[in-house]
Amino acid sequence: MKQFSSATIQYFKDNIDNIPPKNSRSMLIQKIKPYLKKDIDILEPCAKTGEFIHDLNRFDISFNITSLEQNKHLFNILTSVPNSNPYNSSFFHLSKPHNFASYDIILGAPPSFYIDKKTDIGNKFKHWFVDKTNFYFFYFMRSIDLLKDDGIIAFILPDSFLINPYMQLLRNKIITSGSILHIERLSNLFTKTTYNTILVVYQKTQNID
């Protein structure tokens, strides 16, 4: 099984990044497959080189995909991916189009590093956490807000999601707004991370705003 596209392999020659390999992405795609229908709205908030979009393009179904990538180098790679509809923008830049829309599916592998309220993002969303938290926390929290009712989040995350005390406010929001449909540990084979990863699939059942 070819784990990465040629563009990603080329990118890895000079960069280390947490782009999930084919075996992990395939497990995610398999879990969201029942929800893939014509003309649904899909968001990838941290698209990197567009590997998930390549996977979606293998379906003979027309999706409305929006992909975001703040890094200019990665964005330039993303523009060559068919049907990616890319924007060179941060997921947390509260502007049109992506933050004034709602989505049926939000998927991907958010970045992982610790952040506190002294940072720009931490200060902007300081009401979401107590002291410090992992950056992927913000991706999950914001994604819940942007989901349609019955919408799906499918993320590959560090396994700290399960037990880290800094994740408690996120776990509270998950309980009050929907439910976890699936959690599964993933293999570290072919990955570029130093931590163990899990697949998390969540469904929103009510708007708590």
Side-chain angles (χ1 to χ4, degrees), residues 3 16-35 43-48 51-52 55 68 70 90-92 103 105-147 149-209:
Q3 294 293 327
I16 297 175
D17 213 325
N18 66 333
I19 299 172
K22 178 68 174 178
N23 54 339
S24 295
R25 300 194 318 271
S26 294
M27 295 174 76
L28 184 153
I29 295 296
Q30 188 63 33
K31 291 302 177 184
I32 68 170
K33 189 175 179 180
Y35 307 96
L43 173 67
E44 187 175 2
C46 185
K48 301 291 180 69
E51 290 287 355
F52 280 108
D55 297 333
L68 307 177
Q70 187 174 9
S90 166
F91 185 43
F92 305 103
Y103 301 92
I105 296 175
I106 301 176
L107 79 167
S112 173
F113 55 89
Y114 279 96
I115 193 168
D116 60 30
K117 296 183 179 181
K118 296 177 182 178
T119 61
D120 290 342
I121 294 298
N123 185 61
K124 180 180 288 188
F125 299 104
K126 59 186 177 184
H127 58 290
W128 278 357
F129 66 109
V130 177
D131 181 21
K132 65 179 180 178
T133 191
N134 197 297
F135 198 43
Y136 70 78
F137 171 98
F138 297 104
Y139 276 85
F140 212 122
M141 292 281 280
R142 184 64 183 145
S143 294
I144 291 174
D145 291 341
L146 295 180
L147 275 185
D149 288 343
D150 298 320
I152 298 293
I153 293 172
F155 279 161
I156 293 175
L157 301 171
D159 61 2
S160 61
F161 173 84
L162 300 174
I163 58 173
N164 193 310
Y166 297 123
M167 298 294 114
Q168 190 57 50
L169 291 179
L170 171 57
R171 289 191 285 264
N172 292 347
K173 185 165 183 172
I174 287 171
I175 291 170
T176 56
S177 65
S179 60
I180 297 293
L181 301 182
H182 182 80
I183 293 180
E184 182 173 0
R185 289 193 179 275
L186 300 175
S187 168
N188 269 351
L189 188 65
F190 303 111
T191 64
K192 303 291 182 177
T193 66
T194 58
Y195 48 79
N196 295 320
T197 57
I198 58 174
L199 167 61
V200 179
V201 182
Y202 157 92
Q203 185 171 37
K204 182 176 181 177
T205 54
Q206 59 181 314
N207 195 322
I208 62 173
D209 293 338

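Computed from a prediction, not measured in an experiment: that's the story for all the values here.
Tyr202 and Ser177 make their closest contact through OH-OG, 2.5 Å (heavy atoms, listed as atom of the first residue, atom of the second, distance). The two residues Ile32 and Ala154 have their closest heavy-atom pair at CG2-CB, 3.6 Å. Val200 and Ile198 make their closest contact through CG2-CD1, 3.6 Å (heavy atoms, listed as atom of the first residue, atom of the second, distance). Closest heavy-atom contact between Ile156 and Pro110: O-CD, 3.7 Å. A pairwise comparison of heavy atoms in Pro20 and Arg25 identifies O-NH1, 2.9 Å as the closest pair. Between Arg171 and Pro165 the shortest heavy-atom distance is NH2-CA, 4.0 Å.
Lys126 NZ: 12 or fewer foreign heavy atoms inside a 6.0 Å radius. Environment of CG in Asn172: crowded, with over 12 heavy atoms of neighbouring residues, nucleotides or ligands closer than 6.0 Å. Crowding of Lys31 atom NZ: a count of heavy atoms from other residues, nucleotides or ligands under 6.0 Å not exceeding 12.
Atom CE of Met167 sits about 14.0 Å away from atom NZ of Lys173, to the nearest 0.5 Å. Atom CD1 of residue Ile105 and atom CG of residue Leu43 lie 11.0 Å apart, to the nearest 0.5 angstrom. Considering CD1 of Ile144 and CZ of Arg142, their distance stands at 11.5 Å, rounded to 0.5 Å. Remark: His182 NE2 to Met27 CE distance equals 6.5 Å, nearest 0.5 Å. Distance check: Cys46 SG to Tyr136 OH gives 15.0 Å after rounding to the nearest 0.5 Å. To the nearest 0.5 angstrom, Lys132 atom NZ is 12.0 Å from Ile115 atom CD1.
Side-chain atoms of Tyr103 and Ser143 include no donor-acceptor pair closer than 3.5 Å. No donor-acceptor contact under 3.5 angstrom links the side chains of Tyr166 and Ser160, judged on distance only.
With sequence neighbours left out, Tyr139 forms a ring-ring contact (aromatic ring centres under 6.0 Å, His included) with Phe91, Phe92, Phe135. Here Phe161 pairs with Phe140 under the ring-ring contact (aromatic ring centres under 6.0 Å, His included) rule; sequence neighbours left out.
Remark: side-chain polar atoms of Glu44 are not paired, donor with acceptor, to backbone N or O of Leu107 under 3.5 angstrom. In terms of modelled atom types and a separation under 3.5 Å, the side chain of Thr119 and the main chain of Asp116 share a donor-acceptor contact.
Inter-residue side-chain proximity for Asn123 and Lys117 is flagged as unmet; no heavy-atom pair is nearer than 4.5 Å. Within the 4.5 Å cutoff, no side-chain heavy atoms of Leu170 are placed close to those of Thr133. A 4.5 Å side-chain heavy-atom check between Asp55 and Lys22 finds at least one atom pair inside the cut-off. Counting heavy atoms from C-beta outward, Lys204 and Ile153 have side chains that stay 4.5 Å or more apart.
Between Ser112 and the options Asn18, Asn134, Thr197, a side chain to side chain donor-acceptor pair (under 3.5 Å) holds for only Asn134.
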